[in-house]
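Structure first, then comments.
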Amino acid sequence: MGTYINKGNSEFRDIVNSEYVDKTSLIPLINATLNTERRYSCVTRSRRFGKSMAAKMLCAYYDKSCDSRELFRGLKAEEDKSFETYLNKYCVLYLDVTSFTARPEMRVNIVRNIQDRIITELKNVFPDVKYGDNFDLMETLSAIHTATGEKFFFIIDEWDAICREFPGRQKMKGDPETVTPTILDEYVMLLRRLFKTQDSDKVFAGAYLTGILPIKRYNTESALNNFREYTMIYPGKMSSALGFTHEEVEAICAKCGMDLSEMKRWYDGYRIGKASHMFNPYSVMRAIDDEEYRSYWTTTGAYDSVVTYIQMNYDGLKDDIIRMLAGESVPVITTAFQNDMHVINSRNDVLTVLIHLGYLAYDRDTNTCYIPNKEVADEMNNAINATKWTQLAKVLENSQNLLAATISGNEQAVARAIDLAHDENTSILAYNDENSLACVLSVAYIWAKNEYVIHREYATGKGYADLVMIPRRNVSKPALVIELKFNHSADTAIDQIKRKEYPAKLAEYSGEIMLVGINYDKETKQHTCKIERVS
């Protein structure tokens, strides 16, 4: 059992011995690619989404130095017809790139260090092979394959760690026009040497890369365009292979006596391809272990990046952040991003990298992004607070005053506050359809998310939308049903609510309800408000 070759199955055994959610359905998907032109896979997800667990699972399954049959007994992968075919059949190379980037002594000549460490171990495992006088990893692997017929399965965990840690170009001292290859350049050249040469398909049965970012693009082409990529944005068949589905979380909540609705509020909300409800697995398991729902976000590096990106304020980015904190979605074009956290050229690049980092979720049906859950919203607020962003502080103060005025029944104060919200956000909240009317309300009542569960509903008629706000547990405030009309009257809005009776969201609510009708007059550009209490 080695460090880089044939690590065995002990690490996956430790995972299975814990409260394990069966994600072995990934194995048949990878089996189907082995020894085909699709043999190279790169699966990227945000941090804490189970990437390393999946890599250790594959290591345990393919590693020929151990017997993992009992370890997979009763799991989903065992049911697939390919399970026996590839179980413990390959020499597995396993490289965790962060084991080099995290150690200062390894960061010097890091690409050379990676090759040297793996080559040394390979020569110890295959001592009878004639290697020649070289220090090239691919030549070493080719020599082993030629002599023994051995084929390898290569797993690289956190493949993009070097891309994130060593982004810059290096210039020659005394000659600012001359650029030497960077560590990143050397690393990409190593990967190309391994996976894009004429010997690659002979040596490798397959390769599996994990990371946060998709493979870096040079101009418009991927540096390793023979890899099939499965990302947060385009997950393909890997949509539910990493992360927890709604059904998986429902089962584990039932088993452990946890509240599914709270689990959803804190950790659900990601849409990854066909999987419309994906939970952050790390946070779910921590909540179960601690029997407490809170933020388990511990990614300092990503947090620092978010602060930097928000301060850029490309093309009204801060306005988009406010809308998303209010529960809205904003449009995003993801195709121009170069898959490099340090090459950010536009608002779309910022939003795209935040999707890959897990701070935003992506809806491919509408090409929009949004903040997925309370855990991420809290961390986004922390990042914003670190920027000393006065614009948001003012929005929150005005919103807090608006909620207080609404609950006290102060109709004039509510109308003035909505006027203020509209005037201050005209760049993003132009009144041109019912959706934008609801959007101004979402932003105006952004503070209420601290105390209310907010449901946004669209009625069947044109020109209005409503918000249904139900107080959270232990919040002794009335529920609010807010209807917005366009060029009618606040009384009309109240009548509309009554004709609809009460929205379905209030069916099980037994406390006090306030009906709030708000009308916007296009000519005067002012709002009027009508409030009624219902016991």
Side-chain angles (χ1 to χ4, degrees), residues 43-49 212-214 229-249 263-281 283-284 302 306 309-310 314-337 339 346-380 428-429 433-443 446 449 453-458 465 467 505:
V43 181
T44 53
R45 293 290 187 275
S46 64
R47 289 181 174 91
R48 313 168 316 132
F49 242 83
I212 296 171
L213 297 177
E229 296 196 67
Y230 308 94
T231 70
M232 294 283 283
I233 294 173
Y234 298 108
K237 61 186 178 183
M238 305 289 184
S239 58
S240 59
L242 290 88
F244 287 171
T245 66
H246 181 275
E247 292 75 18
E248 289 166 342
V249 175
M263 202 71 83
K264 290 173 61 177
R265 183 168 78 96
W266 275 93
Y267 313 118
D268 188 11
Y270 293 97
R271 292 191 63 176
I272 302 179
K274 296 178 181 179
S276 59
H277 291 278
M278 291 298 291
F279 291 71
N280 184 305
S283 297
V284 168
V306 171
Y309 299 145
I310 290 174
Y314 283 114
D315 305 325
L317 175 65
K318 289 184 179 180
D319 294 330
D320 288 335
I321 298 296
I322 289 176
R323 287 182 62 178
M324 289 188 288
L325 285 171
E328 298 292 321
S329 297
V330 301
V332 58
I333 299 172
T334 62
T335 52
F337 181 53
N339 302 334
S346 68
R347 161 195 171 276
N348 285 315
D349 284 351
V350 172
L351 296 177
T352 303
V353 75
L354 292 179
I355 292 169
H356 288 299
L357 291 173
Y359 278 86
L360 298 178
Y362 178 68
D363 185 340
R364 195 171 63 187
D365 293 336
T366 59
N367 293 318
T368 59
C369 58
Y370 56 94
I371 295 174
N373 53 49
K374 177 171 171 52
E375 179 183 42
V376 179
D378 287 353
E379 289 307 308
M380 188 70 80
I428 57 171
L429 300 176
D433 58 27
E434 61 269 25
N435 184 56
S436 60
L437 303 183
C439 186
V440 76
L441 274 185
S442 296
V443 173
I446 187 173
K449 289 174 70 69
V453 177
I454 301 177
H455 303 278
R456 177 169 164 180
E457 298 186 346
Y458 297 96
L467 297 181
K505 299 294 184 184

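Computed from heavy atoms alone, side chains included, the values below leave out hydrogens, waters and symmetry copies.
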Residues which pass salt bridge (Lys or Arg N to Asp or Glu O under 4.0 Å) with Lys374, listed by chain and number, not counting sequence neighbours: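 Testing Lys374 for salt bridge (Lys or Arg N to Asp or Glu O under 4.0 Å), a comparison that skips the adjacent residues, returns Asp378.
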Atom [atom1] in [X], atom [atom2] in [Y]: separation rounded to 0.5 Å?
X: Glu328; Y: Ile371; atom1: CD; atom2: CD1; value: 11.5 Å
X: Leu360; Y: Met232; atom1: CG; atom2: CE; value: 9.5 Å
X: Ser329; Y: Met324; atom1: OG; atom2: CE; value: 8.5 Å

Can you find a pair of side-chain heavy atoms, one from [X] and one from [Y], that are under 4.5 Å apart?
X: Ile310; Y: Met380; answer: yes
X: Arg364; Y: Ile233; answer: no
X: Arg48; Y: Ser283; answer: yes
X: Glu229; Y: Pro235; answer: no

side-chain hydrogen bond (donor to acceptor under 3.5 Å, both in side chains) partners of [X], counting only residues at least two apart:
X: Tyr362; result: Asn367
X: Arg265; result: Glu262
X: Thr368; result: Thr366

Can you name the closest pair of heavy atoms from [X] and [Y] and give their distance?
X: Thr231; Y: Pro214; value: CG2-CG, 3.7 Å
X: Val376; Y: Gly358; value: CG2-O, 3.9 Å
X: Val249; Y: Phe244; value: CG2-CB, 3.6 Å

In a table with atom names and distances, give each donor-acceptor pair under 3.5 Å that connects a side chain of residues 346-355 to protein atoms at least two apart or in another chain.
{"unit_1": "Ser346", "atom_1": "OG", "unit_2": "Asn348", "atom_2": "N", "d": "3.4"}
{"unit_1": "Ser346", "atom_1": "OG", "unit_2": "Asp349", "atom_2": "N", "d": "3.2"}
{"unit_1": "Arg347", "atom_1": "NE", "unit_2": "Asp320", "atom_2": "OD2", "d": "2.4"}
{"unit_1": "Arg347", "atom_1": "NH1", "unit_2": "Pro331", "atom_2": "O", "d": "3.4"}
{"unit_1": "Arg347", "atom_1": "NH2", "unit_2": "Asp320", "atom_2": "OD2", "d": "3.3"}
{"unit_1": "Arg347", "atom_1": "NH2", "unit_2": "Pro331", "atom_2": "O", "d": "2.4"}
{"unit_1": "Asn348", "atom_1": "OD1", "unit_2": "Ile333", "atom_2": "N", "d": "3.0"}
{"unit_1": "Asp349", "atom_1": "OD2", "unit_2": "Asn345", "atom_2": "N", "d": "2.9"}
{"unit_1": "Thr352", "atom_1": "OG1", "unit_2": "Asn348", "atom_2": "O", "d": "2.7"}

Stepwise side-chain contact (heavy atoms from CB on, under 4.5 Å) check, His356 with Ser46: CA-CA 6 Å; His356 288 299; Ser46 64; over 6 Å; no
Side-chain donor/acceptor of Arg45 to backbone N/O of Tyr230, under 3.5 Å: yes
Step-by-step side-chain contact (heavy atoms from CB on, under 4.5 Å) determination, Leu325 to Ile322: CA-CA 5 Å; Leu325 285 171; Ile322 289 176; 5.7 Å; no
Residue pair Phe279, Glu248: steps toward the side-chain contact (heavy atoms from CB on, under 4.5 Å) verdict: CA-CA 9 Å; Phe279 291 71; Glu248 289 166 342; over 6 Å; no
With a cut-off of 3.5 Å and sequence neighbours excluded, list every side-chain donor-acceptor pair involving residues 271-278.
{"unit_1": "Arg271", "atom_1": "NH1", "unit_2": "Asp363", "atom_2": "OD1", "d": "3.2"}
{"unit_1": "Arg271", "atom_1": "NH1", "unit_2": "Asp363", "atom_2": "OD2", "d": "2.8"}
{"unit_1": "Arg271", "atom_1": "NH2", "unit_2": "Asp365", "atom_2": "OD2", "d": "3.0"}
{"unit_1": "His277", "atom_1": "ND1", "unit_2": "Asp268", "atom_2": "OD2", "d": "3.1"}

No-hydrogen, no-angle side-chain donor-acceptor test under 3.5 Å, Arg323 and Ser442: no
Test log, rule side-chain contact (heavy atoms from CB on, under 4.5 Å), inputs Thr44 and Ile212: CA-CA 5 Å; Thr44 53; Ile212 296 171; over 6 Å; no
Parallel, tilted or perpendicular: rings of Tyr270 and Phe49 (30°, 60°): perpendicular
